[in-house]
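Reading through the structure tokens given below for one structure.
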Number of protein chains: 2
Amino acid sequence: MKTSPTRQQIINAADELFYAQGFGETSFADIAKAVSISRGNFYYHFRTKDEILNAVIEKRLSDRETLLRTWDEMSEDPASRVACFVRILIVNQTKIIAYGCPVGTLTTELAKLDHDAKHKANGIMALFRDWLTGQFRDLGCGAEAEAHALHVLGWSQGVATLAQTFKDEAYVAREVDQILAWVDRVSQKTRPS
Amino acid sequence: MKTSPTRQQIINAADELFYAQGFGETSFADIAKAVSISRGNFYYHFRTKDEILNAVIEKRLSDRETLLRTWDEMSEDPASRVACFVRILIVNQTKIIAYGCPVGTLTTELAKLDHDAKHKANGIMALFRDWLTGQFRDLGCGAEAEAHALHVLGWSQGVATLAQTFKDEAYVAREVDQILAWVDRVSQKTRPS
DNA sequence: GTCTATATAGTGATAGAC
DNA sequence: GTCTATCACTATATAGAC
């Protein structure tokens, strides 16, 4: 797992560019320019475009795993952990309004390209689903835990999509409040305090 | 508004291909091949790629306007009209699982490309929003009508996104039921029968 | 590790014959 | 209206000098 500084720079730049422009529309030249290296040098670090896509997906997956672990350690209450997840719609609002959800837009694009890496990208969405499922299970939702997880995940994805289309911050705030209220309702149904 | 048969064929093929592969990844060669004409002939009908994108967006917009009008004429009850809208997630399930929502994925892609036509594409989403707003207004939701419209629209977009990612028909069915139940609740709150 | 040059294939787009 | 031939450009990718 040796990562040279240049390699890491390339991954970071590609991550940003794939998010802002999409994978298909980002060329090696774009990435090389962002890192201020030549196209030729680029190929020393990554032989193919698929190779760098894979590296970007792995970085994103790893970043999200770290984030989820942080939330796991931050609170003992599953409901407030889920709330952390939902609130990324607010925290990352500016970028989401500009480019949508980094995970949702990538999975959508790779599915259309029918790219080999699409299953790997879907894995990030699955990570969210499984983590959320765990939280709802801890809340005592039992067999409904995964359905609840998908509900929150899908709802968030929809908010991200419309946020990008209509650039409406009030809408985002409203929906986030509604999701949080829904989580509270579920939480109080299973553990009436 | 003269539309030659070939021109119409091209628009239909481009519509399908833009949906299945995305706009950026669809070449003139792809479209020409689908219609069985030469690339050269293609340029007789459309001078630029933007021109055909515009034609496709206009077709999609027009198709949706027709669909909404059909629903308007089909029922007097705004709640069941909204139900028609939500149920397209079931009706078009196979394609949505394969390619996502034709409207949502196009707006997302054009936003990333920062393409001139992005506002035009957003207009289709706005058409849905405004039509839904009208239905909720007819339901007596007053000032909340547009918020309700965006709620249903965003929710549906999220379901489409996850449907494509996880290919889970049971999830789609479950969420559609939940949206319909939500609409019923809103409807009964304003007009308790 | 980084560069310049180059090979190869595909893209959007044009010209002109039929 | 449809075709073939062609142009200019950009893309991924490689070879080899430094």
Side-chain angles (χ1 to χ4, degrees), chain A residues 1-58 106 109-110 112-118 120-121, chain B residues 1-58 106 109-110 112-118 120-121:
Chain A
M1 264 301 183
K2 50 199 165 198
T3 36
S4 75
T6 309
R7 187 186 158 89
Q8 207 39 255
Q9 272 188 303
I10 291 175
I11 295 174
N12 291 340
D15 187 16
E16 285 277 325
L17 286 167
F18 289 174
Y19 181 32
Q21 310 180 347
F23 167 72
E25 295 299 312
T26 302
S27 68
F28 280 7
D30 291 335
I31 306 171
K33 191 183 169 189
V35 193
S36 298
I37 60 169
S38 69
R39 258 157 302 161
N41 185 13
F42 192 101
Y43 283 87
Y44 171 79
H45 299 280
F46 295 95
R47 292 173 127 82
T48 68
K49 206 182 175 185
D50 293 0
E51 220 170 279
I52 183 164
L53 174 61
N54 265 285
V56 167
I57 294 175
E58 273 162 26
L106 183 66
E109 183 181 1
L110 295 185
K112 294 214 183 210
L113 299 187
D114 199 23
H115 194 285
D116 292 334
K118 71 179 174 183
K120 195 166 191 161
Chain B
M1 263 299 183
K2 51 199 164 199
T3 37
S4 77
T6 310
R7 187 186 158 89
Q8 206 41 253
Q9 272 188 303
I10 292 174
I11 295 175
N12 291 341
D15 187 17
E16 285 278 325
L17 286 167
F18 289 173
Y19 181 31
Q21 309 181 348
F23 167 72
E25 295 300 312
T26 302
S27 68
F28 280 7
D30 291 335
I31 305 171
K33 191 182 169 189
V35 193
S36 298
I37 60 170
S38 68
R39 255 159 304 159
N41 185 13
F42 191 100
Y43 283 86
Y44 171 79
H45 299 280
F46 295 94
R47 293 172 127 82
T48 67
K49 205 182 176 187
D50 292 359
E51 220 170 279
I52 183 165
L53 174 60
N54 265 286
V56 167
I57 294 175
E58 272 161 26
L106 183 66
E109 183 181 1
L110 295 185
K112 293 215 185 210
L113 300 186
D114 199 23
H115 194 285
D116 292 334
K118 71 179 174 182
K120 196 166 190 160

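In what follows, chains are A, B, ... by sequence order, proteins preceding strands, each numbered from 1.
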**OP:** Quickly work out the Phe46(A) CZ to dG1(C) P distance and round it to whole Å.
**Re:** 13 Å
**OP:** Rounded to the nearest 0.5 Å, what's the gap from NZ on Lys49(B) to OG1 on Thr26(B)? Could you check?
**Re:** 6.5 Å
Protein N or O to nucleotides 4-9 of chain C N or O, pairs below 3.5 Å:
none

**OP:** Check whether any side-chain N or O of Thr6(A) sits under 4.0 Å from OP1 or OP2 of dT2(C), and answer yes or no.
**Re:** yes
Original post:
To the nearest Å, how far apart are Lys33(B) NZ and dT11(C) P?
Top reply: 11 Å
Original post:
If you round to the nearest 0.5 Å, how far is CD1 of Ile57(B) from CG of Asp15(B)?
Top reply: 10.5 Å
**OP:** Find the distance Phe42(A):CZ to dA15(D):P and express it as a whole number of Å.
**Re:** 18 Å
Subject >> Interatomic distance, Lys49(B) NZ vs dG10(C) P [rounded to whole Å] >> reply: 16 Å
**OP:** Could you tell me the separation between the CZ atom of Phe28(B) and the P atom of dT4(D), rounded to a whole number of Å?
**Re:** 18 Å
Subject >> Option among Val56(A), Asn41(A), Ile37(A) that satisfies the side-chain contact (heavy atoms from CB on, under 4.5 Å) test with Ile10(A) >> reply: Ile37(A)
Original post:
Strictly under 6.0 Å, is that where the ring centroids of Tyr43(B) and Phe28(B) end up?
Top reply: yes
Original post:
With a 4.0 Å cut-off on heavy atoms, is Tyr44(A) in touch with a base, just the backbone sugar-phosphate, or nothing at all?
Top reply: base
Subject >> Atom pair distance, as rounded to whole Å: CD1 in Ile31(A) and P in dT10(D) >> reply: 18 Å
Subject >> Donor-acceptor pair, side chain of Glu109(A) and main chain of Phe23(A), under 3.5 angstrom >> reply: yes
Original post:
Of Ser36(B) and Arg47(A), whose nearest nucleotide on DNA chain D comes first from the 5' end?
Top reply: Ser36(B)
**OP:** Report the nucleotide, chosen from dG12(C), dC3(D), dA11(D), that has the shortest atom-to-atom distance to any side-chain atom of Tyr43(B).
**Re:** dG12(C)
Original post:
Considering all heavy atoms of both residues, which atom of Ile31(A) and which atom of Ile52(A) are nearest to each other, and what is their separation?
Top reply: CD1-CD1, 4.0 Å
